[in-house]
Each structure stands twice: as C-alpha cells, then as structure tokens.
Amino acid sequence: MKQYDYLIVGAGLFGAVFAQKAKEAGKKVLVIDRRNHIGGNVYTKDVEGIHVHEYGAHIFHTNNEEVWQYITGFAQFNRFTNSPVANYHGELYSLPFSMYTFNQMWGVVTPQEARAKIEEQRKEAGIKEPHNLEEQAVSLVGTDIYEKLIKGYTEKQWGRPCTELPASIIKRLPVRYTFDNNYFNARHQGIPMGGYTKMVEHLLDGIEVRNGVDYLKEKEALDALADKVVYTGAIDEYFDYCLGALEYRTVRFETELLDTGNFQGNAAVNYTDRETPWTRIIEHKWFEFGKDDNGNDIPKTVISREYSSEWKPGIEPYYPVNNDRNNTLYEKYRALADKEGNVIFGGRLGEYRYYDMDKVIERALACAQTELKD
Ligand code: UDP
C-alpha cells in the first residue's frame, strides 16, 4: 500500500481539477509543483488590490455547459467581455475583426460594402485553398487587415513567417459582419472574482499541496509515494528530450506599478506593427472594472508589456508550436507515454496542445471520469 493513490505533478488547472475530482471520489491525493505557488500559468498575484495575471492575460470563456457548471462551483465570475484594441503605429482599431474594424480601416458602413472590399482583396491575392496562416488570413479579411493587424503581431508572437504557420492559429479569431466586438463567440465569459488563485485554492481545498518540489529531480522518491502519477509538465522534458526538443514559445513580462488610475483605458492593447518590440500591453485592473474586491476604485494601475520569444530549456514554456514537425515529434513522445504504465499525461504541456482554459478543464474532467469510474 502506497501512501497516496495519486501524485499530481503540477498545480495548474489540469492538476487542480483532476485532484478535486479524485478527492471527491475518496482518493488520497498529493499535488506537487516546482513553482512556489499554485495555479500554474493562471496564477494571479495581488498588487495594491489588483489581481495581476502574472503569466499573461487569462480570460475564461466556454460553450461547454458541463465545464461552466463545474467551474462556477469554485468561483463567481464577473461579466468581463474581452474586446482588445489594436494599435498599429498609433492608429487604433477594434478587435476582433468586425464592422467597427472594417469601418475604421476603409470607411465602409454596411456589411455589403465590407464583404465587397474583402472579396476584392482576396481575388487580387489569387488565393483559392489557403495552405498557411498568411493565405488563411488574406482570404478571411483581405490584405489591408492582414498587413496592419495580423502580420506583424503574428510574426512577433510566433517568431516565424506567417507563410510557415498553420492556418488554424488565425481561425481562433472571429470575423464578423456585425457591430459586435466581443473577442469570443462563447456563451459564457468572465474573470473569477477575487482572482484565479482563489479559484484554484477552492479547487484544492482540503488537498495536500507541496510547492517548490521538482518532480523530475526527485522522481524515484516521489514515485514511491503513490500508485499513479498525473503529470502535467512538458512531455518532452519528462523523457529528458531523448527524441529531441519540442518547440514552444515563451513570453517575458515587464510589469510596472504606475501612479495613475488609468494608463490605456482597456485591459488589452495589441501592438500589431512589427517595429514595436512588445506584442501587447495588459492593464490588469480592467479585467475587474478597475475596482478592488470591495468594489472601490483603485487609484493606481499595473501594466505588463509582453515580449514573445523562442523557448529554451530552463525557462517557462507557454505556447506549443503545433506545426507538422512538432506534431510528428509529439506523436513519438506520445507513443513512449503510452508505454509508461502508471502515468497519465495531461494539460497544455503534457498533451502539447494550444488549449484554452475550458478545454483543459474539459480534458481533466474526462480524464478523471475514465480514471475514477470504479
Ligand atoms: N492575432 C493577430 N493580431 C492580433 C491578435 C491576434 O494577428 O491583434 C493572431 C496571432 O497570430 C495570434 C492568433 O491570432 O497568435 C490567436 O490570438 P489569440 O488572441 O487567440 O492568442 P492568445 O490570446 O492565446 O495569445
């Protein structure tokens, strides 16, 4: 008999949801994380009453009723609706691509005029079947929007030319011929009131958590503690990169506390030109309408400039780069993972997928259901 039924490596969303379900099923669970806090990349830190998204903006949105019902049991969500502003050399545009954007770009007023403009640019570019992000973007929104709002941002974000990136990345963004500038199509959207850390604390309520424990450094001793391991770190790191490293993008943040109540008037401003070195500036207080937990105005503000770069071992990976090369390599790691008897791999890094938070929760719930059925 080992001390725990499950050792969960990583206190991010996947790990916390699985842990909660396992505990509910009467299992003994230990959660470890090499960082000194819980929450993984959704962790929020309190600064002057502002919940700062330490690892980048996280806006919860989902169409999955089961996920929404589940997660709202651990946090109340506010009514935040993401609507970023694009700044292209000082020209401002509304995002995602909607009638507001088309009007600002071309002065068109009706959906018919906007469609005609895009169709004209698409024809001129001569694209039939889009094969990459550039072709996909031009066929969706035309060359002007591609050049001003997509190309520079995407190449900064991914460090690769748009012609070498999968079309799927740009399909994440809505294109609408209406005056609706909600960035997401999801039925439910919001930010957990009190911050994401509090939500994860609730998920992990009554569960033993050890921070500052590096699983791969003490694998043998830790494996001896539990019957099964749920591993949510990077799959290639687990196998000591034996087949080569998967590629990730990482983000560096320059965060500042400012003595002003309002820096940019919006939670997210994307700098879509190639010349500005950062991809976007997040002003954290606007995720919660500039109010603290008691509903008071906050006279200060915290902003984060985000710089995207290629990941190297030793720093935090953020975005899997799901191109053909990496997906093929991932499948090989996946085959190794299938042979690891008592280990479940999950989450954005464990499954090497560009998952949103709701998808991570959905995967964790499904995994728990299969795993804990008897
Ligand atoms: N994107 C863009 N311009 C923008 C915002 C996004 O071209 O102003 C593209 C970019 O390629 C990005 C993709 O759309 O990688 C998906 O954006 P999303 O906001 O979903 O990325 P995330 O919030 O996950 O960083």
Side-chain angles (χ1 to χ4, degrees), residues 13 41-42 53 55-62 80-89 91-98 100-101 104-105 130 132-176 181-186 189 191 247-253 264 266-276 278-282 284 287 304-311 316-323 348-349 353-360:
L13 267 188
N41 278 8
V42 310
H53 296 213
Y55 302 93
H58 283 79
I59 300 140
F60 191 84
H61 55 101
T62 191
F80 178 81
T81 302
N82 191 27
S83 188
V85 170
N87 181 322
Y88 175 80
H89 291 302
E91 291 170 23
L92 298 186
Y93 295 93
S94 179
L95 289 174
F97 312 119
S98 74
Y100 289 113
T101 328
Q104 289 149 350
M105 189 67 66
N132 55 48
L133 196 154
E134 175 173 295
E135 293 179 3
Q136 181 70 58
V138 171
S139 51
L140 281 173
V141 288
T143 36
D144 289 339
I145 290 182
Y146 169 68
E147 294 290 340
K148 286 189 168 182
L149 304 184
I150 298 175
K151 190 174 192 296
Y153 185 91
T154 299
E155 297 194 351
K156 286 191 287 189
Q157 163 95 352
W158 295 97
R160 289 159 177 73
C162 289
T163 47
E164 289 173 22
L165 286 164
S168 59
I169 293 180
I170 205 68
K171 287 195 210 146
R172 288 170 58 89
L173 303 193
V175 178
R176 296 200 193 99
N181 58 2
N182 181 348
Y183 201 64
F184 301 116
N185 283 320
Q189 179 173 176
I191 303 282
E247 293 169 302
Y248 301 87
R249 294 296 287 172
T250 191
V251 190
R252 181 171 65 80
F253 301 94
Q264 64 184 15
N266 203 36
V269 177
N270 293 1
Y271 286 75
T272 57
D273 59 82
R274 194 71 190 83
E275 290 68 32
T276 306
W278 52 86
T279 49
R280 58 186 173 191
I281 300 181
I282 299 300
H284 302 265
F287 289 125
S304 299
R305 289 187 172 77
E306 296 189 9
Y307 300 83
S308 185
S309 66
E310 203 63 17
W311 170 84
E316 295 293 347
Y318 280 74
Y319 296 91
V321 182
N322 288 119
N323 58 20
R348 206 183 241 214
L349 300 175
R353 279 284 167 276
Y354 187 4
Y355 284 149
D356 288 329
M357 287 179 282
D358 65 327
K359 190 73 189 170
V360 171

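Each residue takes its place number in the sequence, starting with 1. Everything numeric in this text was worked out from a predicted model, so none of it was measured. Remember, it's 1-based here, ligands and their atoms both numbered in the order they're listed.
- Partner Arg249 forms a salt bridge (charged side-chain N to carboxylate O under 4.0 Å, His left out) with one of Glu306, Glu310, Glu316 and no other, that one being Glu310.
- Using cut-offs of 30° and 60° for the angle between ring planes, the Phe80 and Phe287 rings count as perpendicular.
- For the pair Glu155 and Arg160, the salt-bridge criterion is not met [side-chain N within less than 4.0 Å of a carboxylate O].
- Remark: minimum distance from atom 2 (C) of ligand 1 to any protein heavy atom is reached at Tyr153 CD2, 3.5 Å.
- The nearest non-hydrogen atom to atom 21 (O) of ligand 1, considering only Tyr88, Tyr354, Tyr318, comes from Tyr354.
- When Leu149, Asn270, Ile150 are checked for heavy-atom proximity to atom 3 (N) of ligand 1, Leu149 turns out nearest.
- Of the candidates Asn182, Asn181, Ile59, Asn182 is the only one forming a side-chain contact (heavy atoms from CB on, under 4.5 Å) with Thr81.
- Checking only distances, Tyr319 does come within under 3.5 Å of ligand 1, N or O to N or O.
- Note that OG1 of Thr154 is 7.5 Å distant from OH of Tyr146, once rounded to the nearest 0.5 Å.
- Atoms of ligand 1 lying under 4.0 Å from any heavy atom of Leu95, numbered from 1 in the order shown and given with element: 8 (O).
- The nearest heavy-atom contact from the protein to atom 20 (O) of ligand 1 is Arg172 NE, 2.8 Å.
- Under the 6.0 Å distance and 45° angle rule, Arg348 does not count as a cation-pi partner of Tyr355.
- Residue Ile170 approaches ligand 1 through these ligand atoms, each under 4.0 Å from one of its heavy atoms: 9 (C), 14 (O).
- When each atom of ligand 1 is checked for a heavy atom of Tyr183 under 4.0 Å away, the hits are 5 (C), 6 (C), 17 (O), 18 (P), 19 (O).
- Listed for the Lys156 side chain is a donor-acceptor partner under 3.5 Å among the backbone atoms of Thr276.
- Contact atoms of ligand 1 toward Arg280: 23 (O), 25 (O) (distance under 4.0 Å to a heavy atom of the residue).
- Of the N or O atoms in Thr272, none lie within a sub-3.5 Å distance of an N or O in ligand 1.
- To the nearest 0.5 Å, the span separating OG1 on Thr163 from NZ on Lys151 amounts to 8.0 Å.
- Classification of the Tyr271-Trp278 ring pair by plane angle, with boundaries at 30° and 60°, yields perpendicular.
- Closest to atom 15 (O) of ligand 1, if we only count protein heavy atoms, is Trp158 NE1, 2.8 Å.
- Numbered from 1 in the order shown, with element, the atoms of ligand 1 that lie under 4.0 Å from a heavy atom of Ile169 read 11 (O), 13 (C), 15 (O), 16 (C).
- Under 4.0 angstrom from ligand 1, there are no non-hydrogen atoms of Asp356.
- With hydrogens left out, the protein atom closest to atom 10 (C) of ligand 1 is Thr154 OG1, 3.3 Å, a heavy atom.
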